[in-house]
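Structure first, then comments.
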Amino acid sequence: MLSSPINLINQLSYRQIQNELKRRRVDSNGKKNDIVKRLKVVYEKESKNQTTNLTNFYDLPNEIFRDIFDYLCPIDIINSFYGLNYRFNELIKTIPMKLKFNKLNKNEYKRVLKHIVPKINLQLYSLELGVLSKTIHSFNSEISIDLFTQSYNFTQFVNLRCLSLTSPNLEQLKSLFQIIPSMLSLRSLRLLEHDYYGSQNETVCKLTLANNHRYSMKTNHHLSHLFIETSPPFKTLTLIQKYFTNKISFDCIQLNIRCALFFYPHSLTYIDCDGLSRLISNMNYLKIDVTVGTYSPAFDLIRRFPQIQHLSVRTISKAYANGHQWAELLAQMSNINKLDLNIYLDTYNSNQELQTFQTKFWLERQWNVECSKKHKNSSECKITYRSNQVR
């Protein structure tokens, strides 16, 4: 059982009591019993002051509540704080909201659409619609999008900067593309083609096409960034090229390509590279992150973008660690003046691989290939650009 504060005071030595009173700036002259009584009085006064000065929850500054809200989703913020008093209502109106519905069943989703969304429409800056994973409580992604668009028009959310749709059907995409020109605050659009039953599908290649390798969403003009997670035959990409070409241009387009591994060598041939180029203003940067396969599909894709000046390739495939093949490709790409190549391998003979990057082609251009060990059985083969232009 814990001792009371007064009992603890009685157990203090004379010197401890003197030091404690001195720290509290109380006169410590006198016998021990008198000092103990004096310290008891001081302690009781302090205890009384502490109980009368307790901070009320509603007295906390707005900054504290904003920090608390950072840990809560918009649905919990509205359910817990909206309507408590005028101050909370006004505070909530100033907080940017990101709304997603992945874990809601259909009835909960309808309640949120009816009661929550109207309260945050002005501060909603990010919206994710659709179902990413199939669970026992989830419902069809197309139904999720339809329920939302039946209740609201995307143009109602005047501060919406990021919009993400998972598995929209063709009609939903067409409707979206028609109203996007009126969504003046929109900066980023994410379209995910998700097949719940395509268990063999995985991300085999990531492409980034941009007009600058320092691409950013922090631009002033409308819809600068487009992200698509897609699979052959790339129906979403085809629709975008149909509706957006010559109507809007992006600073950056990112493609995550998902398919079965055995289909990968042929998947990149379905991409309309000319159509993609026309969707980007002054495209000069191409980045490829590839996880599987030989170099041929990626090299064929690179050749279909002859205008690029900066090429970046990242891979874990040993097939790319061949300087002779790279020299043949780069000799055909006269506009490339900067190359970033990172090859991460589990094990390989570094000296043998390095020799292929030390031919006349590489030495004339002063492109230095370095190989550095990261762990005992792994290495990184990295090309560092050191010249002004590839000749």
Side-chain angles (χ1 to χ4, degrees), residues 62 66 69-70 72-75 77-78 82 89-102 109 112-130 132 141 144-168 171-192 208-212 214-229 236-237 239-255 278-283:
N62 288 344
R66 288 193 177 95
F69 293 162
D70 285 341
L72 302 175
C73 71
I75 297 174
I77 293 174
I78 298 299
Y82 194 88
N89 291 352
E90 293 302 306
L91 177 60
I92 290 173
K93 291 178 182 179
T94 67
I95 299 173
M97 298 284 188
K98 179 179 180 180
L99 198 56
K100 52 185 178 181
F101 306 95
N102 290 336
Y109 181 63
V112 170
L113 292 183
K114 183 177 181 180
H115 300 290
I116 304 296
V117 176
K119 295 180 175 66
I120 62 173
N121 66 317
L122 292 180
Q123 61 260 51
L124 190 64
Y125 79 95
S126 178
L127 176 63
E128 297 180 15
L129 295 176
L132 288 172
S141 190
S144 168
I145 297 173
D146 273 340
L147 288 174
F148 190 93
T149 54
Q150 288 167 7
S151 302
Y152 303 98
N153 189 310
F154 288 122
T155 57
Q156 292 177 242
F157 307 97
V158 294
N159 295 310
L160 187 65
R161 295 179 61 85
C162 304
L163 175 62
S164 176
L165 301 181
T166 299
S167 301
E171 291 303 317
Q172 290 168 341
L173 285 174
K174 290 179 181 179
S175 300
L176 173 65
F177 296 151
Q178 290 173 355
I179 65 170
I180 274 183
S182 302
M183 300 173 67
L184 301 181
S185 296
L186 192 65
R187 297 292 179 268
S188 176
L189 175 63
R190 293 173 57 89
L191 301 173
L192 312 179
T208 300
L209 303 89
N211 54 25
N212 191 305
R214 294 189 179 92
Y215 55 88
S216 172
M217 285 171 50
K218 296 179 181 180
T219 54
N220 294 324
H221 60 277
H222 172 58
L223 194 54
S224 59
H225 179 265
L226 174 66
F227 175 90
I228 304 175
E229 186 168 275
T236 301
L237 188 57
L239 272 175
I240 289 175
Q241 290 167 339
K242 177 180 178 181
Y243 280 88
F244 278 175
T245 300
N246 300 325
K247 296 180 181 178
I248 190 172
S249 63
F250 302 90
D251 288 336
C252 174
I253 296 178
Q254 290 180 272
L255 299 179
R278 289 194 295 270
L279 288 172
I280 300 178
S281 57
N282 302 316
M283 176 191 166

Euclidean distance, L173 CG relative to I240 CD1, rounded to 0.5 Å: 7.5 Å

Is the backbone of H115 close enough, under 3.5 Å, to the side chain of K119 for a donor and an acceptor to pair up by distance? yes

One should read off an interatomic distance between K98 NZ and C73 SG, to the nearest 0.5 angstrom, of 12.0 Å

OG1 of T149 to CD1 of I179, rounded to nearest 0.5 Å, is 9.0 Å

Counting only heavy atoms not in N62 (residues, nucleotides, ligands), do more than 12 fall under 6.0 Å from its CG? yes

Would you check, one step at a time, whether the test side-chain contact (heavy atoms from CB on, under 4.5 Å) holds for E90 with T94? CA-CA 7 Å; E90 293 302 306; T94 67; over 6 Å; no

CD of Q123 to NZ of K93: how many Å apart, nearest 0.5 Å? 9.0 Å

Approximate separation, where rounding is to 0.5 Å, of L160 CG and N121 CG: 11.0 Å

Aromatic ring pairing Y109/F101, orientation class (parallel under 30°, perpendicular over 60°, tilted between): perpendicular

About how many Å separate CE of M97 and CD1 of I75, when rounded to the nearest 0.5 Å? 10.5 Å

At their closest point, which heavy atom of Y125 faces which heavy atom of P96, and how far apart are they? CD2-CB, 3.7 Å

Quick one: are L279 and Q241 in side-chain contact, heavy atoms under 4.5 Å? yes

Between the side chain of Q156 and the main-chain N/O of N153, is any donor-acceptor distance below 3.5 Å? yes

State, yes or no, whether a side-chain contact exists between L163 and R190 at a heavy-atom distance under 4.5 Å. no

Any donor-acceptor pair under 3.5 Å from Y152 side chain to L113 backbone: yes

Do D251 and I280 come close enough that some side-chain heavy atom pair is under 4.5 Å? no

What closest approach, in Å, do G130 and S144 show between heavy atoms, and which atom pair accounts for it? N-OG, 3.6 Å

K100 vs L127 side-chain heavy atoms within contact, under 4.5 Å: no

Would you please indicate if the ring centroids of Y82 and F69 are separated by under 6.0 Å? no

Answer yes or no: is there a donor N or O on one side and an acceptor on the other, between the side chain of S185 and the main chain of R161, under 3.5 Å? no

Is there a donor-acceptor pair closer than 3.5 Å between any side-chain N or O of E229 and the backbone N or O of L255? no

Is there side-chain contact between L124 and N159, with heavy atoms separated by less than 4.5 Å? no

Can you spot which of L192, I253, T208 makes a side-chain contact (heavy atoms from CB on, under 4.5 Å) with F227? L192

Please examine the side chains of N211 and M283, heavy atoms only from C-beta on, and report whether any two atoms are closer than 4.5 Å. no

Going by heavy atoms in the side chains, are L189 and L176 under 4.5 Å from each other? yes

Would you mind reporting whether L186 and L184 have side-chain heavy atoms less than 4.5 Å apart? no

